[in-house]
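When a ligand or atom number is given, it counts from 1 through the structure's own listing order. Computed from a predicted model, the values in this text were never measured in an experiment.
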Amino acid sequence: MTQLRFPENFLWGAATAAYQIEGAARDDGRGTSIWDTFSRTPGKVHQGHTGDVACDHYHRYAEDVALMAELGLGAYRFSVAWPRVQPDGTGPVNPRGLDFYDRLVDALLDRGIDPIVTLYHWDLPQALGDRGGWTNRATAEHFATYATAVYGRLGDRVSVWTTLNEPWCSAYLGYGSGVHAPGEQDPAAAFAAVHHLLLGHGLAARALRAAGARTVGITLNPADVRPADESSAADAAAVRLVDGLHNRIFLGPLLAGGYPEDVLEHVSRLVEPTFLRDGDEKQIAAPIDLLGINYYQPTYVAGRPDGAGGGGAYPGTDGAVEFLPPVGPLTEMGWMVEPAGLTRLLERIAADYPGVPLLITENGAAYPDKPGTESPGGPIQVADSDRIAYLDGHLRAAHEAISRGVDLRGYLVWSLLDNFEWAEGYRKRFGIVHVDYLTQRRTPKSSARWYQEVISRNGL
Ligand code: IFM
């Protein structure tokens with residue numbers, strides 16, 4: 001294979017999220033989040049797993065930062081748990097919650113690692129959930145207040161701020177299909193949540209900027225939507241519909257001044273969009289300096305009148321779209337491995353929404369630990385060659401996009417540690433570092449050592 005070098009100053013890092021790794025769910029005044037409630041509800045998460053303890057990162061952050069330094073990471077993307085900062089989502093700030101992130105940021109900076117903060121990675125305070133969560137417009141306003149409070153404590157040391165992680169998941173999986181917290185299944189709620197998440201982003205982005213933030217962005221999980229048959233007009237129509245619901249409903253208001261007409265028409269056929277008020281789109285269009293892209297797999301669709309559609313995650317696609325089952329080598333999530341999808345997605349976003357630097361804020365894969373790789377009492381070896389192949393392919397795909405002119409600033413692997421994979425609990429392992437959940441022992445897998453080499457060479 002050819003050797004590839006990435007641009008000078010290309011940012012190499014790893015990502016995690018608060019609820020997935022922190023644990024310490026009741027420590028130091030932390031409030032309850034919708035994910036605490038959801039995961040403690042029988043039947044919602046695999047085998048009743050919760051984030052109560054997770055990787056105990058709240059207490060072991062120093063060890064984790066040392067590991068990051070050993071691997072040579074230049075950046076670490078973590079999220080702040082809103083219920084640690086404002087236990088009820090509004091009202092007084094809990095200084096002990098902020099103290100944790102203060103310590104974490106200092107530890108990172110001491111090791112020369114750039115902190116990249118995500119303000120919301122799905123753990124909405126339950127008190128706000130009780131008032132409708134993201135279906136309630138007031139949540140967007142509270143989010144901006146919370147963002148300002150976090151900036152007030154960390155803004156002197158953190159330069160990169162992102163508002164939301166994957167609002168598609170928060171809205172459609174949380175309120176449409178119900179597989180994520182809060183577990184609702186209502187298209188009207190899902191679309192209201194899309195809008196209020198975007199509004200929350202816009203208000204928070206403006207508040208951060210006004211407070212002095214230098215780099216402000218958001219992370220999406222845009223889909224590379226492909227037709228089953230390139231020459232089929234019906235498949236092309238299905239692509240347009242799914243692309244609208246998944247991508248353009250976010251990218252339009254964020255980067256092109258408003259919701260695309262065809263998307264608004266589709267939404268209006270299903271629900272009364274009373275949530276959309278004059279001036280909202282202007283708020284959402286707050287300028288951003290960075291767009292975070294999370295990519296895992298492509299989405300193949302066909303246009304079919306008898307198509308089952310995508311359920312609550314894609315309202316209004318039943319009777320129009322067939323989502324094709326993934327083929328080829330799959331990850332443990334059952335996700336397709338298609339690195340070319342990353343190149344296509346990056347190129348498409350750069351072309352359609354020019355002028356915004358891109359950062360891959362997540363990419364990675366879950367694979368089972370190979371049997372026999374854990375020996376009681378002895379050193380653990382996790383020879384995860386399948387993960388290395390996945391990462392290698394996607395880094396080559398990212399490099400290809402750069403060579404075609406995409407302004408891609410960096411790559412953050414998902415994830416640093418094995419962690420709580422939402423509805424899948426702990427059974428899916430995405431980490432480049434193995435976590436033994438009984439002992440909390442961390443062991444870099446082969447992929448971590450491989451990544452360390454990639455970083456030190458700035459290439460493959
Ligand atoms: O674990 C998640 C993460 O929280 C958001 N992006 C996708 C990852 C893998 O499913």
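Pairs engaging residues 241-252 under the salt bridge (Lys or Arg N to Asp or Glu O under 4.0 Å) rule: D243-R248, D243-R348, R248-D262 [sequence neighbours left out].
Across N221, T118, N294, a single residue satisfies side-chain hydrogen bond (donor to acceptor under 3.5 Å, both in side chains) together with N165, and that is N294.
Between the CG atom in L342 and the CD1 atom in I293 there is a gap of 9.0 Å [rounded to 0.5 Å].
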Which donor-acceptor pairs under 3.5 Å do the side chains of residues 169-183 make with protein atoms, sequence neighbours left out?
unit_1, atom_1, unit_2, atom_2, d
Y172, OH, L245, O, 2.8
Y175, OH, W134, N, 2.9
S177, OG, V179, N, 3.4

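For H195, the ring pair (Phe, Tyr, Trp, His ring centres under 6.0 Å) criterion is met by Y259, F275, not counting sequence neighbours.
A heavy-atom cutoff of 4.0 Å around ligand 1 is satisfied by the protein residues Q20, H121, W122, N165, E166, Y296, W335, E362, W414, E421, W422, F430.
A salt bridge is defined here as a Lys NZ or Arg NE, NH1 or NH2 lying under 4.0 Å from an Asp or Glu carboxylate O, and D99 with R153 meets this definition.
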